[in-house]
Amino acid sequence: MRIFYILMLYFIPLCSFAQRNKKIEIQKITITNSYVVDAIKQLIDDSNKDNKLFEDGFGYIVLDGISFRNYTTMSDKTPNSGKWTDTLTSFNVHLGSAYLGSSDPECFQCDYFPTYYTYIDGRLVLVYDDAFRWLTPRKQRLRIEKKYTDEVFSDKSVKKLSKIVNQTLQQTLDTSFVFYNPFEDRSYKLDKRQRKNISKAKLLSSASFTYKKNSYNVFILRNGAITVRKD
């Protein structure tokens, strides 16, 4: 019962805030949690070694799937022992290249804005807070007719972050850029003739699925150990 009252004291102010402020600013923050910072730095280091495109500055980092539930998971250290270990916190970090702000109906990632953003080792990091999104539910988006983001974030902060993200995707405008279509599982290029009939926004949004791998699932265990699963 005590936990219930604590949760109510936490949620009620946030819900009231969301109701009073329909348009919320996407904030720039500083991540001080060493587990998160280390995981992001490791992803950056590994990606710089394995991916020339990322090393040259294309795209950004996504931090999402943050969970604070206490649950059990099979320890990667002893995959065949059947031993279960308590997990206190988990989160995901992976590479991203979606052009935020595009109205392209084929890019379902392009209007999914983060709650926060920051920089680590000079790379843009977008932070998606699922708890915040649950507290501020949005109306069901109608693709093309109405943007999903209009229900929560201010136009000013959306435009600002779109511009920042846009700066990490400029290599898309080069004719040597290799696009990837996940629905057909194929890579392709667009020559100058083909590009004449495609808008800049369409080119940028077409690169949303460039990164197919490089995803880390991080689990912080009750005993202080850290388990990282790479997809």
To the nearest 0.5 Å, how far apart are OG1 in Thr172 and CG in Leu53?
-> 8.0 Å
What is the distance from atom NZ of Lys189 to atom OG of Ser176, rounded to the nearest 0.5 Å?
-> 6.0 Å
Arg123 side chain to Ile61 main-chain N or O, any donor-acceptor pair under 3.5 Å?
-> no
Walk me through it: do Asp46 and Gln42 pass the test side-chain hydrogen bond (donor to acceptor under 3.5 Å, both in side chains)?
-> CA-CA 6 Å; Asp46 291 346; Gln42 186 61 55; 2.8 Å; yes
Looking only at non-hydrogen atoms, find the nearest pair between Ile66 and Tyr128 and report the distance.
-> CD1-O, 4.1 Å
Decide yes or no for Leu173 and Lys200: does some side-chain heavy atom of the first lie under 4.5 Å from some side-chain heavy atom of the second?
-> yes
Between Asn48 and Ile44, is there a donor-acceptor pair closer than 3.5 Å when you use the side chain of the first and the backbone of the second?
-> yes
When you check the gap from the basic side-chain N to the acidic O, do Asp155 and Lys159 get nearer than 4.0 Å?
-> no
Shortest non-hydrogen pair, Arg195 vs Leu190, comes out as NE-O, 2.8 Å
Ring centre gap for Phe179 and Tyr188 strictly below 6.0 Å = yes
Ser187 side-chain N/O to Val178 backbone N/O, donor-acceptor pair under 3.5 Å | no
In terms of hydrophobic clusters joined by side-chain contacts under 4.5 Å, are Val127 and Tyr119 together?
-> yes
Is the side chain of Gln171 donor-acceptor paired with the backbone N or O of Asp56 at a distance under 3.5 Å, no angle test?
-> yes
Gln27 meets the side chain to side chain donor-acceptor pair (under 3.5 Å) criterion, sequence neighbours left out, with none
Measure from the side-chain N and O atoms of Gln194 to the backbone N and O of Asp191, and report whether any donor-acceptor pair falls under 3.5 Å.
-> yes
Side chains of Thr210 and Tyr180: does their closest heavy-atom pair fall under 4.5 Å?
-> no
Just how far is it from atom CG of Asp38 to atom CG of Asp45, taken to the nearest 0.5 Å?
-> 10.5 Å
Looking at side-chain heavy atoms only, is the closest gap between Ile226 and Leu221 below 4.5 Å?
-> no
Arg229 to Tyr216, cation-pi by 6.0 Å centre distance and 45° axis angle | no
How many angstroms lie between CG in Leu169 and CG in Leu203, if you round to the nearest 0.5 Å?
-> 11.5 Å
Is there a side-chain contact between Asn92 and Val218, using heavy atoms and a 4.5 Å cut-off?
-> no
Distance-only polar pair, side chains of Gln170 and Asp174, donor-acceptor under 3.5 Å | no
Taking side chain as C-beta onward, heavy atoms only, is Leu124 less than 4.5 Å from Tyr117?
-> yes
OG1 on Thr115 to CG on Asp64, rounded to 0.5 Å | 10.5 Å
Check: Tyr99 side chain, Val165 main-chain N or O, donor-acceptor pair, under 3.5 Å = no
Check whether the side chains of Asn51 and Tyr211 place a donor and an acceptor atom closer than 3.5 Å, and report yes or no.
-> no
Could you check if a side-chain atom of Ile31 sits within less than 4.5 angstrom of a side-chain atom of Leu63, using non-hydrogen atoms only?
-> yes
Aromatic centroids of Phe177 and Phe58 separated by under 6.0 Å = yes
The side chain to side chain donor-acceptor pair (under 3.5 Å) partners of Ser157 (sequence neighbours excluded) come to Ser154
Do Tyr35 and Ile29 sit in the same hydrophobic cluster, where Ile, Leu, Val, Met, Phe, Trp and Tyr count as joined when their side-chain heavy atoms come under 4.5 Å apart?
-> yes
Heavy atoms, side chains only, cut-off 4.5 Å: are Ser90 and Ile220 in contact?
-> no
